[in-house]
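Everything on this sheet refers to the single structure shown next.
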There are 2 protein chains.
Amino acid sequence: MTTIRDVARVAGVSPATVSRVVNGLIGYSAETQRRVEDAIAQLGYEPDTLARGLRTKQTAVIGVLAPVVSDALASEIMSGVEAAARVRGYSVMLGRTGPGSTFAPGYLRTLRTYRAAGVILISAAITPEMRRALGSGIPLVSVAIRDGQRFPSLAIDDEVAAYDGTRHLIALGHRRIGLLAGDPDSVLVNTARKRGYLRAMSEAALAPVIAHGNSLYDSAPPALADLLARDAGLTAVFALSDEMGPAVVNELQRRGRRVPDDVSVLGFDNTRTSQHVHPALSTIAQPLERMGELAVERLLTDGLPSTGPVPRILPHRLIERGSTAPIRPARPNPPRNKEQS
Amino acid sequence: MTTIRDVARVAGVSPATVSRVVNGLIGYSAETQRRVEDAIAQLGYEPDTLARGLRTKQTAVIGVLAPVVSDALASEIMSGVEAAARVRGYSVMLGRTGPGSTFAPGYLRTLRTYRAAGVILISAAITPEMRRALGSGIPLVSVAIRDGQRFPSLAIDDEVAAYDGTRHLIALGHRRIGLLAGDPDSVLVNTARKRGYLRAMSEAALAPVIAHGNSLYDSAPPALADLLARDAGLTAVFALSDEMGPAVVNELQRRGRRVPDDVSVLGFDNTRTSQHVHPALSTIAQPLERMGELAVERLLTDGLPSTGPVPRILPHRLIERGSTAPIRPARPNPPRNKEQS
DNA sequence: TTGTATGCGTTATCAC
DNA sequence: GTGATAACGCATACAA
């Protein structure tokens, strides 16, 4: 392994000068710089991260923790994190918060001993224990969740987003709109989203119909059954995740109902999965990749611990695809098979 | 930050002894051990990873590189990597190989300066440049791809798997079986899979019908159109990824064909997306999570660079869900004009 | 069984 | 503008 001393020897200067050149500091002649750079190129020198981190008490590492690594939503945020980190010369360390966030403190302790530049927490609430495990010198920002006022966070306004989604269905003429909510205990945003739905329904003097899943695909069919048991005449279902949304579309079709002709379905998140169903799912989009990028930016620019607890709200957006349509009057006969286009 | 010296002072011993206790070496009395452990607990001491790594020339870091971070297949492998790494006390560093693997060398250089314990490469071929960037001291294993005989790898036998899948469709009575292949240039396994399909078709004296997508969802509809243009009477489609598989199911339905009544669809990979369609996709399963775990195990157990180039083959498995069925005779009420051969 | 001393590769503080 | 030197926190060879 070639060290800064090797470079110094070849360039005929001292290690200190090499360090200055490498770090772009001032205090050397153009000629010296050239010689050092030549030596670096010749030897293929690369500064040792560990030694540097030990000395400077900082490494270019950003930790990312998500409840489940293979989750589509978390993956897309991570993708943004990776991109933003890479262009800035940072590396990403991946962890899983695990059930009840039990893994998180361990990961945060590790991140502390790595002297990480910051930590991004996806879809998980920051507990005091977690904050303690990380120590006080490392900034922490949570993404896709609004964690009260205690810690910095980056998210959409889930309540308004759900309100807007519900309003959209109402504007399409729907009156009997079911909500397929997620588990409020495991995914905090579900409370806010449910509130948005209730507010929109209440303002329109409509009766809410609610069932709960756990945000994942498999939880949706039984929850939908629950929903239909309460009101078999539902003409729209608002599913609060883009795993449940496609599941609702598929399950409705399995039950012989057409989407959107008989029932409109609206999803939430705009993950890739929303496009993996036919008809493609209309949904409320969160700027997931962008959230990941912004989280990095935020950690790195105003990364000091005194940044303050102001949550940052990002814009959501309604995306209309094929799964929502204006309500239709009861039809006489199912017009089947048409020419393909 | 509390160091090994602080612990030593509180415990009334030397730093060397603390180090011995921390690392579970021999050479201290039970009484000393107790005192040291008490001091550690009292101070909340945690060994500094950077200093330790600098000294031992090893860190508990495993690098994971995938073409696209948010890809379902890569995510599931990563999930296995994370789990296996965590229980062994290792951390995972995440990177993206990027278009043409252009990002990979940079990441590998970084991983080298971190003195990573090993690197796992998902779905990407190991180039000499990559191997050079990583240096010679760090083991590298590729997953979900068989990279010739040059580097260790962990994958299923893609050719046999595709052969088995095709045989299965044939066994169901299908004779006109289309293959929706991926791009052989970007995803090397596609060549082997295509070979397996061709062999099975040839053995059964059936005519192959092939079109190419790029393994992603959006590439499937046009490729399917291509396939149907070559043989509108196809009764089965074998799609070589679980993004293209659901896309084929959806697109066939959009064209007014029933799955599996009119056309059977078989996918490949068994990612979560295979269950996000209705009917759920029959597919060839790769043990993705397990692959991630095994990759970690392999790096850590026989992690030395001299491990040898033997590729390790994992078992694949055919999973029958709703999208495949025995061929049916032409049914009485055809939705469209048929009869063209 | 335990302690002392050294060095891993770097950066920062000083002197020149 | 440049170089010698100390220190970051740890593990280890060697001495005791």
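Order of the sequence lines sets the chain letters (A, B, ...), proteins ahead of strands, with each chain counted from 1.
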Reckon [X] has a side-chain N or O less than 4.0 Å from the OP1 or OP2 of [N]?
X: A:Thr3; N: C:dG9; answer: no
X: B:Arg52; N: D:dA11; answer: yes
X: A:Thr17; N: D:dG3; answer: yes
X: A:Tyr45; N: C:dT10; answer: yes
X: A:Lys57; N: D:dG9; answer: yes
X: A:Thr56; N: C:dA12; answer: no
X: A:Ser19; N: C:dT11; answer: yes

Round to a whole Å and report the spacing from [atom1] of [X] to [atom2] of [N].
X: B:Leu54; N: C:dT6; atom1: CG; atom2: C1'; result: 13 Å
X: B:Leu50; N: C:dT10; atom1: CG; atom2: C1'; result: 11 Å
X: B:Tyr114; N: C:dT10; atom1: OH; atom2: P; result: 14 Å
X: B:Asp48; N: C:dT10; atom1: CG; atom2: P; result: 17 Å
X: B:Arg9; N: C:dT2; atom1: CZ; atom2: P; result: 19 Å
X: B:Gln58; N: C:dC8; atom1: CD; atom2: C1'; result: 14 Å
X: B:Glu46; N: D:dC10; atom1: CD; atom2: C1'; result: 14 Å
X: B:Met1; N: D:dC10; atom1: CE; atom2: C1'; result: 10 Å

Residue [X], side-chain heavy atoms: nucleotide from [options] that is nearest:
X: B:Asn23; options: C:dC8, C:dG3, D:dA11; value: D:dA11
X: A:Ile4; options: D:dG9, D:dG3, C:dT11; value: C:dT11
X: A:Ala16; options: C:dA12, C:dG9, D:dT12; value: C:dA12
X: A:Ser29; options: D:dC10, D:dA7, D:dT2; value: D:dT2

Exercise for the section: Hey, which sits more toward the 5' end of DNA chain D by its nearest nucleotide, A:Ile26 or A:Ala51? Expected result: A:Ile26

Exercise for the section: Using the side-chain contact (heavy atoms from CB on, under 4.5 Å) rule, take A:Val141 and A:Leu121 through it: C-alpha gap first, then chi angles, then the decisive distance, then the call. Expected result: CA-CA 6 Å; A:Val141 51; A:Leu121 196 60; over 6 Å; no

Exercise for the section: Could you check B:Arg5 against A:Thr49 and say which one's nearest nucleotide on DNA chain C is further toward the 5' end? Expected result: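 Between the two, 5'-proximity favours B:Arg5.
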
Handout entry: Residue whose closest nucleotide on DNA chain C lies nearer the 5' end, B:Gly12 versus B:Arg115
Key = B:Gly12

Verify whether one side chain among [X] and [Y] offers a donor that lies under 3.5 Å from an acceptor in the other.
X: B:Ser75; Y: A:Ser75; answer: yes
X: A:Ser79; Y: A:Glu289; answer: yes
X: B:Glu46; Y: A:Thr113; answer: no

Practice task
Could you walk me through whether B:Leu300 and B:Tyr90 pass side-chain contact (heavy atoms from CB on, under 4.5 Å), step by step?
Solution key: CA-CA 10 Å; B:Leu300 265 34; B:Tyr90 283 72; 3.6 Å; yes

Problem - Distance-only donor-acceptor test (3.5 Å): side chain A:Arg55, base C:dT11 - result: yes

Exercise for the section: Give a yes or no on whether a donor-acceptor pair under 3.5 Å exists between the nucleobase atoms of D:dG3, that is its base, and the side chain of A:Arg20. Expected result: yes

Practice task
Could you tell me whether B:Pro15 contacts a base, only the sugar-phosphate backbone, or nothing, with contacts defined as non-hydrogen atoms closer than 4.0 Å?
Solution key: nothing

Practice task
Look at B:Asp6 together with B:Arg9 and state whether they make a salt bridge at an N to O cut-off of under 4.0 Å.
Solution key: yes

